[in-house]
Amino acid sequence: MAKIEPKIFDELKTALVSFGDKYFVAEELNRSKLTDDLRNYDEALLSKLFEVDFIKQHFIKEVAGQKLFQIEQLEEAVLYNDYWDTSYTKYENRVGLASKGKFLQDSQDVVLDFPFKDGVLTASMTKEDNEDGYDDAFLNEVIEKDEIDRLFDKKVFVNVKRFGDNQTAQHSTEVDNGIVSFDKEKDNLIIKGNNLLALHTLADKYAGQIKLIYIDPPYNTGSDSFSYNDKFNHSAWLTFMKNRLEIAYELLKDDGAIFVHCDDNEQAYLKVLLDDIFGSDNFLNTLSVFTKVSAGASGGGEDKKLKKNIEYIHIFTKNNSYFSSFYPVYKKTELEAYITQMKQDGKSFKYTNVLVDSGKETYYKTIKDGSGDDIVINKVDDYKITTINQLAKEENLSIQEVYDKYFDKVMTTTNAQTSIRTRVWEATDNENNMYTATYTPKSGRNKGKRTKLIFSGKQKVLFIWLKDTAVKEGKKTYKKEKIGTFWDGFSWINVTKEGQVKFESGKKTEGLIQRVIEMASDENDIVLDFFMGSGTTQATALKMKRRFIGIEQMDYINEISVPRLQKVIDGEQGGISKDVNWQGGGSFVYAELFPKNMGYLQDVIHAKDLEELKSVYERMLSGTDTDEPADISFRADLSKIDWLQGFDGNKRLLVKLLDKNGLYYNYSEIGDSNVRDMITDSDYTFNKTFYEGGD
């Protein structure tokens with residue numbers, strides 16, 4: 001299209017001048033406004049363009065007697081071709097992530113990933129052999145726009161099971177005539193299958209229903225220690241994330257929040273992508289999470305870069321107008337350790353006095369607050385205040401033991417700048433005594449609650465209590481500090497074995513997920529994690545009385561993730577169990593997306609030699625007694641199969657032969673005789689109930 005650029009520029013300027021300044025800034029074309037109206041099929045604009053002979057010649061195509069206006073090609077010519085470098089948008093502040101010269105925001109293509117350890121597919125290939133000249137070891141394919149509707153259609157569920165109280169490793173087919181019921185308002189759900197397609201499968205049922213999404217996606221680092229091969233081209237990774245975040249946005253409640261965990265490899269680009277999808281106005285915070293201690297004095301592994309001990313979590317809400325605030329979350333530190341740290345930092349701990357005896361109160365007078373409501377003032381006599389150190393000496397206790405014993409009475413004073421203090425001060429004529437003031441606050445932490453404050457001395461300093469900033473658990477006292485954007489204090493030492501399952505890499509602590517869930521959801525809210533991994537999010541949600549949805553494609557879901565949740569149901573006491581007094585209980589429904597081409601795809605990827613690969617290919621073409629033939633891509637040229645090309649080359653070619661929008665059976669096919677014969681009656685009934693609410 002490069003040869004027609006100057007001509008199209010002249011033709012468009014001539015045609016659009018009839019709209020006045022709508023598509024111009026001074027003499028220059030406002031191509032951003034033009035492309036927006038093209039995408040929106042603006043009737044007035046299209047009618048004018050249909051009158052232009054040049055447009056009709058180059059952008060209107062006749063197919064089967066019908067004329068098709070190729071709007072996307074015109075948009076590309078307007079938005080992306082180099083000729084327009086002198087036009088207005090060269091100076092317009094449109095900044096965003098791009099792939100192959102186009103903004104990701106404008107792309108309607110989908111990258112479908114195959115998160116297996118598939119490095120073997122490109123291991124023997126030279127850089128020159130790879131498409132576009134880069135190593136796409138994380139194999140992915142772009143799905144064209146006309147295939148996406150079928151790809152994203154609802155899928156058939158199979159192998160449905162319910163795991164519940166005291167039913168570890170049991171299956172609900174033993175009861176209820178083999179039918180697994182599902183109640184969206186009560187049940188938890190685990191899905192095995194490609195997470196992008198599973199999310200779209202849930203779209204109709206759960207759109208706008210999810211209160212909290214936490215995901216810990218592959219970091220695109222090149223590490224092979226995780227079961228995902230999380231190394232693929234930068235733009236492919238961004239598109240991979242874009243596809244999933246867009247449907248996540250649709251599932252999220254208006255007042256919900258999404259937490260996306262990442263490291264510094266992609267976090268900056270990920271933030272821009274999230275801005276595009278959720279809107280920069282809906283950005284809440286970026287958290288810095290202390291994850292591990294840097295290498296010790298041995299100096300092992302030193303290089304030009306600093307050791308990594310921080311990861312990041314980007315937080316967005318769906319709609320800032322509906323989102324009120326996070327629930328307050330606190331970091332707890334044993335009081336003795338907290339005081340010691342303050343001394344080391346050269347700071348003094350203020351809570352060093354104890355109101356040993358609160359004395360006797362007598363009525364003094366009643367005054368009014370700013371709203372005209374009563375403030376009842378009492379005078380206090382015969383009270384006794386002493387210090388922590390004095391009590392330690394008198395009672396032969398350690399400092400920590402004094403704090404534990406007198407927890408409710410430990411206090412300090414402050415010159416609080418409040419209207420209540422001013423009114424009490426003026427009402428008591430600066431007398432050097434102690435007074436209480438009882439009233440009902442109109443705002444703040446005690447809004448609407450009858451509250452008593454204590455003021456003392458001529459300055460009427462306000463008593464503040466340790467119990468308001470600390471908590472006593474058993475025999476120990478902990479200082480509470482409201483959490484900010486730096487998160488630490490998590491134990492990573494035994495995280496690989498947490499939940500009584502071993503998961504070597506990529507596993508997060510239940511303590512970290514507890515903090516996320518505590519601050520961004522309430523009991524019975526739905527928590528979604530579609531990079532489920534070992535099941536940490538789901539285990540923590542269950543212990544915290546939240547409902548959950550988990551999605552995982554890898555086979556370890558049945559070896560690690562589901563067994564972990566079964567242990568939680570049985571009362572497993574690791575992770576946060578003691579902190580939340582977990583006693584076991586709960587249930588979840590497990591279901592798998594019914595594989596079609598996905599089964600063949602896995603067989604190809606896991607083939608060990610050329611003979612095994614040939615066997616898979618024959619089954620792809622002819623099917624078996626239990627499986628249909630594979631859906632072969634309409635682009636495929638089977639004449640290119642040449643077994644002399646060897647194992648690696650043919651393995652890669654067979655993957656490309658498979659039609660990627662046929663990875664799983666669509667629900668629309670469930671009535672087809674060939675599909676119906678392959679699924680059990682109980683799974684058939686579950687699908688009908690899940691999608692339609694009945695038979």
Side-chain angles (χ1 to χ4, degrees), residues 95-99 104 111 113 115 134-138 140 213-245 248 257-278 280 282-296 299-316 331 483-493 495-496 503-509 511-513 515-516 519-520 529-531 533-534 536-537:
V95 177
L97 298 167
S99 175
L104 286 181
V111 166
D113 65 297
Y134 60 77
D135 180 12
D136 57 345
F138 191 109
N140 65 83
I213 299 174
Y214 169 87
I215 56 172
D216 181 24
Y219 291 170
N220 198 16
T221 61
S223 169
D224 199 36
S225 61
F226 191 33
S227 295
Y228 285 90
N229 186 344
D230 65 340
K231 176 68 172 80
F232 45 118
N233 179 270
H234 173 71
S235 63
W237 185 87
L238 288 169
T239 311
F240 160 88
M241 291 302 300
K242 171 182 177 284
N243 301 153
R244 287 149 180 79
L245 291 170
I258 183 170
F259 289 60
V260 185
H261 201 129
C262 56
D263 70 357
D264 59 2
N265 199 56
E266 293 283 4
Q267 68 87 14
Y269 296 97
L270 181 60
K271 169 61 168 60
V272 177
L273 180 61
L274 287 161
D275 281 338
D276 272 351
I277 295 170
F278 286 83
S280 56
N282 295 318
F283 170 65
L284 297 176
N285 287 106
T286 293
L287 308 177
S288 299
V289 182
F290 183 76
T291 56
K292 63 192 75 171
V293 179
S294 298
E302 288 184 359
D303 55 22
K304 296 179 181 179
K305 298 181 180 180
L306 298 174
K307 296 296 180 184
K308 294 183 179 182
N309 52 20
I310 296 291
E311 291 183 350
Y312 303 91
I313 300 177
H314 293 312
I315 311 174
F316 282 74
K331 175 186 173 183
I483 295 298
T485 57
F486 177 70
W487 286 16
D488 64 350
F490 307 112
S491 175
W492 299 90
I493 297 174
V495 66
T496 60
F503 199 68
E504 289 294 347
S505 184
K507 191 176 183 183
K508 299 300 182 285
T509 72
L512 171 64
I513 306 303
R515 190 176 291 182
V516 170
M519 70 185 288
D529 182 350
F530 50 89
F531 290 96
S534 68
T536 301
T537 301

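Basis for what follows: all heavy atoms, side chains included, without hydrogens, waters or symmetry-related copies.
- Shown here are the ring-ring contact (aromatic ring centres under 6.0 Å, His included) partners of Y269, two or more places apart in sequence or in another chain: H234.
- Annotation: side chain of I483 is not in contact with side chain of M519 (no heavy-atom distance under 4.5 Å).
- For Q267, the side chain to side chain donor-acceptor pair (under 3.5 Å) partners at least two apart in sequence or on another chain are H314.
- To the nearest 0.5 Å, the span separating CG on D263 from CD on E311 amounts to 6.0 Å.
- L512 is listed as a side-chain neighbour of W487, based on a closest heavy-atom distance under 4.5 Å.
- Classified by interplanar angle (parallel below 30°, tilted 30° to 60°, perpendicular above 60°), the ring pair F316/F278 is tilted.
- Using a 4.5 Å heavy-atom cutoff, the side chains of L270 and L245 are in contact.
- Within the 4.5 Å cutoff, the side chain of T291 has no heavy atoms near those of the F490 side chain.
- Using a 4.5 Å cut-off on side-chain heavy atoms (C-beta onward), I315 and I258 make no contact.
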Assess the residue pair S280 and D275 against the criterion (side-chain hydrogen bond (donor to acceptor under 3.5 Å, both in side chains)); give the C-alpha distance rounded to whole Å, side-chain angles, the decisive distance to 0.1 Å, and a yes or no.
CA-CA 4 Å; S280 56; D275 281 338; 5.2 Å; no
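- Contact of the I215 side chain with the F259 side chain is not registered, since no non-hydrogen atoms from C-beta on lie closer than 4.5 Å.
- Salt-bridge annotation for K331 and D488: present, with a side-chain N of the basic residue lying under 4.0 Å from a carboxylate O of the acidic one.
- Take T485 and apply the side-chain contact (heavy atoms from CB on, under 4.5 Å) test, not counting sequence neighbours, and it matches N285, L287.
- Between the side chain of R244 and the backbone N or O of F240, at least one donor-acceptor pair lies under 3.5 Å.
- Taking CZ from F290 and CG from N309, the interatomic distance works out to 5.0 Å, rounded to the nearest 0.5 Å.
- A donor and an acceptor atom, one from each side chain of H261 and Y312, are nowhere located under 3.5 Å apart.
- Nearest heavy atoms, I213 versus A248: CD1-O, 3.6 Å.
- With contacts defined as side-chain heavy-atom distances shorter than 4.5 Å, the pair P218/F531 qualifies.
- To the nearest 0.5 angstrom, T286 atom OG1 is 6.0 Å from K271 atom NZ.
- Within the 4.5 Å cutoff, no side-chain heavy atoms of F486 are placed close to those of V289.
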